[in-house]
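We're numbering straight along the sequence, starting at 1.
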Amino acid sequence: MRGWKRFVRKHRGNKSDRREQIRISKEVLLNSMKSALFYLEQWKETAEHKQQVESVILEYRRMVDRWEKPTASFNERLQEQIEELRLGIVDQQRAAIQKMYEKGEVNREQAKELRRFVHYIESVTLYEYEE
């Protein structure tokens, strides 16, 4: 699931293109999981360790069920809203620092240090989001 989220974030751009890429990728992913499941079902009959094969089959079934559900755990619109909120918060922090500087509540060096701190938080947040 984490890998899928990374893929979706990497393929930003035009929304219709991105949606088409995501749809195709999801279809490929689902087909590959179903193929693996089919192979495992066949292999289970002659496998030496049937219980281990059965546990892998169960995991693949769970993944296929999760991907086939219309309400997937990953919601692209929700992720976009979260990113917009993160960027909005950073902008508000920068605006607050500017206001404090203009009012004389902080000097130039303090404002510069606060901006550097906000930039650091932004970098960490965006880095975590990209992973």
key: Residue Q51 excluded, over 12 heavy atoms near CD under 6.0 Å   =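 Count not over threshold, so no.
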request  = Tell me, yes or no, whether the heavy-atom count around K112 atom NZ, taken from other residues, nucleotides or ligands under 6.0 Å, exceeds 12.
outcome  =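 No, NZ of K112 has 12 or fewer neighbouring heavy atoms, counting only those of other groups under 6.0 Å.
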task = Provide the closest heavy-atom pair for M33 versus M63 in the form atom of the first, atom of the second, distance.
result =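 What the structure gives for the nearest pair is SD-CB, 3.6 Å.
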Nearest non-hydrogen partners of R61 and E54, listed with the distance =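 Shortest heavy-atom contact: NH1-OE2, 3.9 Å.
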To the nearest 0.5 Å, what is the distance between [atom1] on [X] and [atom2] on [Y]?
X    : Y    : atom1 : atom2 : result
L40  : I57  : CG    : CD1   : 5.0 Å
Q110 : N107 : CD    : CG    : 4.0 Å
E105 : I97  : CD    : CD1   : 12.0 Å
S55  : Y60  : OG    : OH    : 11.5 Å

request  = Would you please test R62 and E59 for salt bridge (charged side-chain N to carboxylate O under 4.0 Å, His left out) and show each step?
outcome  = CA-CA 5 Å; R62 285 182 189 149; E59 188 60 34; 3.5 Å; yes
Non-hydrogen side-chain atoms of M100 and L114 separated by less than 4.5 Å =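 Yes, side chains in contact.
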task = Establish whether V90 and F117 are linked, either directly or via other cluster members, by ILVMFWY side-chain heavy-atom contacts under 4.5 Å.
result =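 No, because V90 and F117 fall into different hydrophobic clusters, even though each may have its own neighbours under 4.5 Å.
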query = Sequence neighbours excluded, which residues qualify as salt bridge (Lys or Arg N to Asp or Glu O under 4.0 Å) partners of K34?
reply =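 K34 satisfies salt bridge (Lys or Arg N to Asp or Glu O under 4.0 Å) with E68 once adjacent residues are dropped.
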R108 bridged to E113 by N-O distance under 4.0 Å =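 Answer for the salt bridge query: no.
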request  = Give a yes-or-no answer on whether the side chains of Q98 and R115 include a donor-acceptor pair shorter than 3.5 Å.
outcome  =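 The criterion, which ignores hydrogens and geometry beyond distance, is satisfied for R115 and Q98.
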